[in-house]
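Keep in mind that the numbers below use all heavy atoms, side chains included, and drop hydrogens, waters and symmetry copies. Predicted model only: the values in this text are computed from it and were never measured. In what follows, chains are A, B, ... by sequence order, proteins preceding strands, each numbered from 1.
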Amino acid sequence: MSRYDPAVTEPKWQKAWDEAGTFRARRDQRPKYYVLEMFPYPSGDVHMGHVRNYLIGDVIARLHLSRGYDVLHPMGWDALGLPAENAAIRDKRHPAERTAENVRTFKKEMRRLGLSYDWSREINTSDPETYKWSQWFFLKFRERGLVYRRYAQVNWCPGCKTALANEQVKDGLCERSGDVVEKRRMPEWAFRITQYSERLLQGLDQLTEWPEEVRKKQRNWIGKSEGAKLFFDVVGSDERIEIFTTRADTVYGCTYVVVAPDHPILERIVPAERRAAVEAFAKDQARKAAKKRHDEELPKEGIDTGAKVRHPFTGEKLPLWAANFVVADYGTGAVMCVPAHDERDYEFAQVYGLPLRIVIRPEEGALDEPLQAAFTEDGVLADSGPYTGLRSAEARAAIARAAEEGGFGGPAVTYRQRDWGISRQRYWGTPIPIVYCERCDPEGEGISVPYEDLPVRIPPINVAEVLTGTGEPPLAKVPEFVHTTCPKCGGPARRETETMDTFVDSSWYFARYLDPHNDEVPFTREVADRWLPVDVYIGGPEHATMHLLYFRFWTMVMHEMGMVPEPEPVKRLINQGIVNGPDGRKMSKRWGNVAGATEICERYGADAARTFVMFAGPPDKDIDWSNEKVEGCARFLQRVWRLAWKNHAHAGVAAPAAFEGRALEIRRAAHRTLHVVTEDYDRLSMNTAVARMMELVNFLLPIEPETDAEKAALAEAVRLLATMLSPVAPHIAEEILEAYGASRSVLETGWPEADPALLVEERRRYVIQVNGKLRGEVEVPAEAGEAEVRAAAEADAKVRPHLEGKTVRKVIFVKDRLMNFVVG
RNA sequence: GCCCGGGUGACGGAACGGUAGACGUGGCGGACUUAAAAUCCGCGGCCCGCGAGGGCGUGAGGGUUCGAGUCCCUCCCCGGGCACCA
């Protein structure tokens with residue numbers, strides 16, 4: 001077979017691996033290695049943009065298998081969720097049907113690409129035996145006080161009469177109906193992830209093998225802010241308003257206080273004659289906030305509530321305003337305003353004619369008065385009672401301390417991160433395992449479904465009737481689902497009709513792979529101890545904050561529950577770049593620039609496609625798909641094949657006692673390549689690893705061996721080449737090794753070590769510079785020292801002219817690299 | 001506005017502070033062929049020079065260094081994230 005035909009060879013090895021169970025994780029004596037890729041939502045078509053993720057994981061998994069690890073490399077399906085439900089609404093097919101179909105397609109393509117999954121561990125989040133455990137966790141979390149019911153702002157589409165996820169809102173409009181989305185306060189279930197904000201933040205310091213970018217994004221998202229809280233008593237009431245500030249040093253400059261328009265305290269403290277106006281203002285602001293585009297900043301508007309508050313330090317009466325620039329769910333929903341030293345407060349004070357008081361002055365120089373803008377920098381306090389003269393930093397500490405001693409505040413920390421709302425008015429999700437019974441639970445807090453009654457199954461439905469995309473939550477339209485009996489009194493009760501955010505399922509799925517068929521517990525502690533944490537996790541950077549934070553949170557809770565050995569789920573994280581179409585735009589049907597996996601594998605072979613994806617660039621950078629370049633990779637593989645083919649007859653030639661001359665050079669080249677390729681793989685530089693292998697092929701291919709030593713050296717080189725190529729292009733590698741007499745898969749024979757004796761050079765090239773400019777090159781014995789290199793350099797015909805007539809002031813000698821003459 | 005990335009030949013990309021452009025794609029020239037495909041050989045940053053050679057060159061400008069694509073400062077452009085966050 002002088003030409004390699006992937007269409008024959010690739011299926012042959014895929015079948016062989018399957019039959020031998022090569023990818024089964026075994027739990028034997030070998031050290032463990034858990035490779036995980038973020039599991040997909042199985043969509044209808046599989047294109048090369050989807051699969052880069054899996055290919056990177058596959059190269060890592062195969063490399064570790066070859067190196068003698070017990071590798072766990074599972075795959076599953078994030079099958080619940082919006083895309084499936086929207087598709088179902090569109091074409092009136094049950095999402096389960098479509099999902100099953102898509103899973104079959106995905107598996108077929110993954111197999112065709114030669115991905116090394118242990119399919120005996122496959123999981124699917126739409127399987128009741130899997131989502132049962134999401135419900136189990138929900139109840140466990142509830143027992144731990146981590147689940148609560150709250151009223152929160154949700155995106156509400158008035159046309160569809162349903163809440164929408166943020167992803168469904170495009171530029172303030174409903175993705176489906178085009179209606180203007182409103183913010184509406186609705187009850188929902190939420191997880192107290194903010195109880196873990198500090199731990200999530202602290203934990204990042206230990207995640208040294210995560211991309212710095214992701215850690216920064218998470219830090220940013222958590223948004224820890226240190227400052228002080230201060231209480232402002234409401235005049236003529238025993239209520240008080242708590243504010244949060246990072247600039248307690250400016251407190252003497254506070255001339256008014258502002259609360260969010262919908263701050264609950266307003267109901268209790270606004271004087272009767274102002275109440276109507278303040279309520280109207282709040283309504284108007286809610287409407288405007290709902291309409292505004294996400295990135296738009298509204299003009300500052302406010303209203304004097306008529307209530308007064310007392311300055312905690314001066315006792316002065318200050319006006320209390322409500323205004324749109326204060327957000328209800330950050331900090332305390334109330335701020336002290338210091339127009340002289342805060343840009344927002346300044347702007348607002350200008351609009352409404354509120355007074356301004358300077359209490360911070362720069363350490364050097366003076367302020368332009370009257371102020372044209374807020375002076376927001378730190379400085380020295382002025383007109384600030386006992387704190388006058390202190391620097392900002394000292395004053396912040398002193399004022400917070402004083403507030404604490406006086407019982408009207410103290411140091412405080414606030415986080416930007418919010419609790420995690422998980423309620424979705426959707427059908428195709430994990431039902432929240434709660435029932436409502438008017439007799440046992442008159443407050444409507446919800447009664448947990450007993451563990452033995454799990455799973456609460458997603459009921460079968462008539463798709464056309466229930467999944468209309470409008471009206472009540474779909475499950476509310478299924479009477480057999482809604483009507484149930486109360487677990488406490490046995491009387492009639494109603495089920496919760498909301499389902500969970502799918503991020504719940506993806507927060508713990510990685511642990512279910514360890515024990516996918518267990519029906520007693522989600523997984524045992526024993527398997528968790530064996531496999532966790534995940535050694536390497538590969539996925540897109542778009543999950544840096546959402547999924548990866550939920551996932552860490554969940555693991556911390558599981559750790560506290562004693563289920564897993566460590567509080568962090570993943571040691572090493574890799575963010576893979578996007579695969580764009582040939583036009584540089586993200587691969588998508590919309591642009592008509594997709595490279596279908598089926599088509600590509602049929603045209604070029606899986607190995608060529610895999611090689612291209614690895615060779616096109618480092619894993620974390622975006623790449624552009626190019627059929628021409630895939631062809632280039634196919635050509636390279638043909639060259640590898642030709643090299644193997646022409647030297648095939650030498651596979652059995654016995655190695656002589658010693659190699660010299662060209663035979664030695666062949667061995668040196670092969671072992672040197674093995675050495676650097678191994679290093680490249682270790683630092684995930686697959687693109688340069690492939691380049692090194694191309695160089696080796698370019699060197700070996702023209703050689704026509706004459707002696708037995710050369711023949712044996714070439715045969716060895718081919719074997720080594722096939723082995724190092726095997727993580728990237730496994731099919732052709734196996735085929736070559738088999739032809740060269742291997743009786744077992746390369747995945748079982750172990751990773752070769754480069755012979756150190758062959759890595760040592762006899763002669764060494766030195767670059768010679770004069771004043772930092774390249775002037776020549778000399779070759780000396782490898783052990784030569786500075787004196788010998790200098791002698792050779794000074795004797796060099798190209799270097800000499802640059803030294804003549806000059807004084808050598810200094811000579812820089814870098815062993816094995818260069819010599820630089822500094823002359824004047 | 002704030003926080004991350006990133007700017008290197010026609011293109012994708014290489015380069016522990018030490019020969020800039022490895023490897024590949026495309027291009028050009030040639031060999032083989034009746035022809036094409038496949039394959040093989042050669043050329044390939046810019047400027048000057050017949051040549052040997054010399055000068056310039058990693059977004060712009062400055063700095064540190066014997067030596068800077070790489071480190072530091074200022075700025076420009078592109079991509080991404082967050083955003084009335086007190």
Worksheet item: Which letters describe nucleotides 36-43 of chain B, given B = protein heavy atom under 4.0 Å from base, S = only from sugar-phosphate, - = neither?
Response: ---SS---
Fill in: Options B:C66, B:G54, B:A86, nucleotide nearest the side-chain atoms of A:Ile812
B:C66
Fill in: Residues which pass ring-ring contact (aromatic ring centres under 6.0 Å, His included) with A:Trp221, listed by chain and number, not counting sequence neighbours
none
Practice prompt. Using the C1' atoms only, state how far B:G27 lies from B:U64, rounded to an integer number of Å.
Written response: 42 Å
Item to complete: Scan residues 613-639 of chain A for pairs that pass ring pair (Phe, Tyr, Trp, His ring centres under 6.0 Å), counting only residues two or more places apart or in two chains.
Response: A:Phe612-A:Trp625
Discussion item. Students often get this wrong, so: under 4.0 angstrom with heavy atoms, is A:Val326 touching a base, only sugar-phosphate, or nothing?
Written reply: base
Discussion item. Can you pull out every side chain to side chain donor-acceptor pair (under 3.5 Å) where at least one residue sits in residues 320-335 of chain A? Sequence neighbours excluded, please.
Written reply: A:Asp329-A:Arg418
Practice prompt. Name all residues meeting the side chain to side chain contact (heavy atoms under 4.5 Å, CB included) criterion together with A:Arg668; count only those two or more places apart in sequence or in a different chain, and write none if there are none.
Written response: A:Leu664, A:Arg672, A:Leu758, A:Glu762
Worksheet item: With sequence neighbours left out, what residues match A:Asp622 under side chain to side chain contact (heavy atoms under 4.5 Å, CB included)?
Response: A:Ile578, A:Asn580
Discussion item. Does B:A68 have OP1 or OP2 under 4.0 Å away from a side-chain N or O of A:Lys773?
Written reply: no
Item to complete: Remember a base hit wins even if backbone is also touched, and classify A:Asn820 as base, sugar-phosphate or nothing at under 4.0 Å, heavy atoms.
Response: base
Discussion item. Please confirm whether the shortest side-chain N or O distance from A:Lys810 to OP1 or OP2 of B:C66 is below 4.0 Å.
Written reply: yes
Worksheet item: Would you say the side chain of A:Gln769 and the base of B:G18 hold a donor-acceptor pair, judged only by whether the two atoms sit under 3.5 Å apart?
Response: yes
Worksheet entry | Canonical and wobble pairing (Watson-Crick, G-U, under 3.5 Å) of RNA chain B, dot-bracket with | | (((((((..(((.....[....))).(((((.......))))).((((....))))..(((((..]....))))))))))))....
Discussion item. Just N and O in the side chain of A:Arg219: are any of them under 4.0 Å from OP1 or OP2 of B:C82?
Written reply: no
Worksheet item: Tell me the side chain to side chain donor-acceptor pair (under 3.5 Å) pairs involving residues 538-548 of chain A, sequence neighbours left out?
Response: A:Tyr537-A:His547
Item to complete: Measure distances between side-chain N and O atoms of A:Lys300 and base N and O atoms of B:C84, and say whether any donor-acceptor pair falls under 3.5 Å.
Response: yes
Item to complete: Could I get the full list of side chain to side chain contact (heavy atoms under 4.5 Å, CB included) partners for A:Phe699, not counting sequence neighbours?
Response: A:Glu665, A:Ala669, A:Ile703
List the atom pairs, donor and acceptor, that lie under 3.5 Å between side-chain atoms in residues 805-816 of chain A and the rest of the protein, sequence neighbours left out.
unit_1	atom_1	unit_2	atom_2	d
A:Lys815	NZ	A:Ala782	O	3.1
A:Lys815	NZ	A:Ala784	O	3.2

Worksheet item: Looking only at side-chain N and O atoms, does A:Arg775 come under 4.0 Å of OP1 or OP2 in B:G54?
Response: yes
Worksheet item: Side-chain N or O of A:His341 less than 4.0 angstrom from OP1 or OP2 on B:A86?
Response: no
Worksheet entry | Pair listing, side chain to side chain donor-acceptor pair (under 3.5 Å) test, anchored in residues 334-347 of chain A, at least two apart | A:Lys300-A:Glu347
Worksheet item: What string of B, S and - do you get for nucleotides 12-17 of chain B 5' to 3' if you count protein non-hydrogen atoms under 4.0 Å?
Response: BSSSB-
Worksheet item: What does A:Glu343 touch in the nucleic acid at a heavy-atom separation under 4.0 angstrom: a base, only the sugar-phosphate, or nothing?
Response: nothing
